[in-house]
Amino acid sequence: MAKEKISIKGISYAHVLQALYNNAKSPNNTFYKMSLKKAQEIINLAFENDNFFLQEVYMRELYIDISTNEFDPTEYDKRNGEEGLAKKIIYSLRELLGGKTFRGSVNIDYEKNTSSRKL
C-alpha cells in the first residue's frame, strides 16, 4: 500500500536529491557526501533525458520520482531502513531552507544555495 505522498513544491530538485542521497544508507559504509553542484548535474541530466525516476544514484538506493511536485516515499523508506525517513528529511530541508519548524524533522546534510531549479 502506497504511503501519503510528500510534497517537494518550492524546493529545488537539487536540494531534494542532495538531502535524500546524503541521508540514504551507504554501501560498505562509504562516507561520500553529494555536493549541491553534483546533485544539480544529475538533475540536469534527468531533464535532458526525460528520466525523472532516480532508482539508484552512486550506489545508494533512492527510488524517487521527481516528475511532479510530490513523491511516494515507500521504497526510499524501505530501502533505507526507517519508515517515515524521507518525510523527516524533506521536513528538515524545508526547515533549514525556509526557517519554519516542522514536527518530526531531523538533522540532515545539505548545502544552502538558491540558484537551483525549483518545482
Side-chain angles (χ1 to χ4, degrees):
M1 185 171 142
K3 293 181 183 179
E4 178 183 335
K5 291 190 175 188
I6 299 171
S7 173
I8 53 175
K9 186 175 182 178
I11 306 174
S12 73
Y13 294 105
H15 276 113
V16 170
L17 173 57
Q18 181 192 36
L20 291 172
Y21 179 87
N22 286 347
N23 292 280
K25 275 188 180 177
S26 176
N28 303 322
N29 295 321
T30 57
F31 296 103
Y32 172 74
K33 297 294 181 182
M34 182 179 290
S35 70
L36 190 60
K37 180 180 178 183
K38 178 53 79 179
Q40 188 62 58
E41 290 172 7
I42 293 167
I43 295 301
N44 290 344
L45 226 106
F47 273 86
E48 289 170 17
N49 296 315
D50 290 327
N51 181 12
F52 303 103
F53 184 72
L54 304 175
Q55 179 174 330
E56 186 178 293
V57 177
Y58 295 120
M59 296 176 38
R60 294 191 194 177
E61 295 179 319
L62 302 182
Y63 287 82
I64 58 169
D65 181 349
I66 58 167
S67 62
T68 66
N69 63 358
E70 60 185 14
F71 72 95
D72 179 347
T74 305
E75 285 300 313
Y76 181 90
D77 289 351
K78 185 169 93 175
R79 293 172 186 281
N80 290 290
E82 182 183 335
E83 187 171 339
L85 180 60
K87 187 175 185 177
K88 290 176 188 176
I89 292 166
I90 298 302
Y91 279 10
S92 299
L93 183 59
R94 284 192 181 284
E95 188 175 297
L96 290 166
L97 294 173
K100 294 181 181 177
T101 303
F102 294 88
R103 279 177 97 204
S105 61
V106 293
N107 289 328
I108 61 168
D109 285 324
Y110 87 109
E111 188 176 323
K112 191 168 185 175
N113 182 326
T114 57
S115 64
S116 302
R117 288 185 187 189
K118 291 186 179 178
L119 293 167

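Side-chain atoms are counted along with the backbone in the values below, which use heavy atoms only and exclude waters and symmetry mates.
Closest heavy-atom contact between R60 and Y21: NH1-O, 2.9 Å. Considering all non-hydrogen atoms of both residues, E70 and I8 come closest at N-CG1, 4.0 Å. Here the closest heavy-atom approach between residue A86 and residue Y76 is recorded as CB-CD2, 3.6 Å. The two atoms that bring G84 and D77 nearest to each other are N-OD2, 3.0 Å, heavy atoms only.
Remark: of the listed residues I66, I42, L54, I66 is the sole one forming a side chain to side chain contact (heavy atoms under 4.5 Å, CB included) with Y13.
K33 contributes a side-chain N or O that, together with a main-chain N or O of N22, makes up a donor-acceptor pair within less than 3.5 Å. Judged by distance alone, the side chain of N51 and the main-chain N or O of A46 form no donor-acceptor pair under 3.5 Å.
One side chain, N44 or Q40, offers a donor N or O that lies under 3.5 Å from an acceptor on the other.
The shortest side-chain heavy-atom distance between I64 and Q55 does not fall under the 4.5 Å cut-off. In this structure, the side chains of F71 and K5 stay at 4.5 Å or more apart for every pair of heavy atoms. Annotation: side chain of L36 is in contact with side chain of H15 (closest heavy-atom distance under 4.5 Å). Residues M59 and Y32 form no side-chain contact, since every pair of their non-hydrogen atoms from C-beta on lies 4.5 Å or further apart. Here the side chains of D65 and D72 are not in contact, with every heavy-atom distance at 4.5 Å or above.
Note: E83 CD to K88 NZ = 9.5 Å, rounded to the nearest 0.5 Å. Rounding to the nearest 0.5 Å gives a distance of 8.5 Å between OH of Y63 and NZ of K78. Atom CG of L93 is separated from atom CG of L20 by 8.0 Å, given to the nearest 0.5 angstrom. For the atom pair CD1 (I6) and CZ (R94), the distance works out to 10.0 Å, reported to the nearest 0.5 Å. Here E4 contributes atom CD and T74 contributes atom OG1; the two are 11.0 Å apart, rounded to the nearest 0.5 Å. Here CG of N23 is found 9.5 Å from CD of Q18. Values are rounded to the nearest 0.5 Å.
Counted within 6.0 Å of CZ on F53, heavy atoms from surrounding residues, nucleotides or ligands total more than 12; the atom is thus considered enclosed.
Taking the ring pair (Phe, Tyr, Trp, His ring centres under 6.0 Å) definition, one finds that F52 meets it with F47, sequence neighbours left out. In this view, E61 satisfies the side-chain hydrogen bond (donor to acceptor under 3.5 Å, both in side chains) rule with no residue, not counting sequence neighbours. With sequence neighbours excluded, no residue satisfies side-chain hydrogen bond (donor to acceptor under 3.5 Å, both in side chains) with E56.
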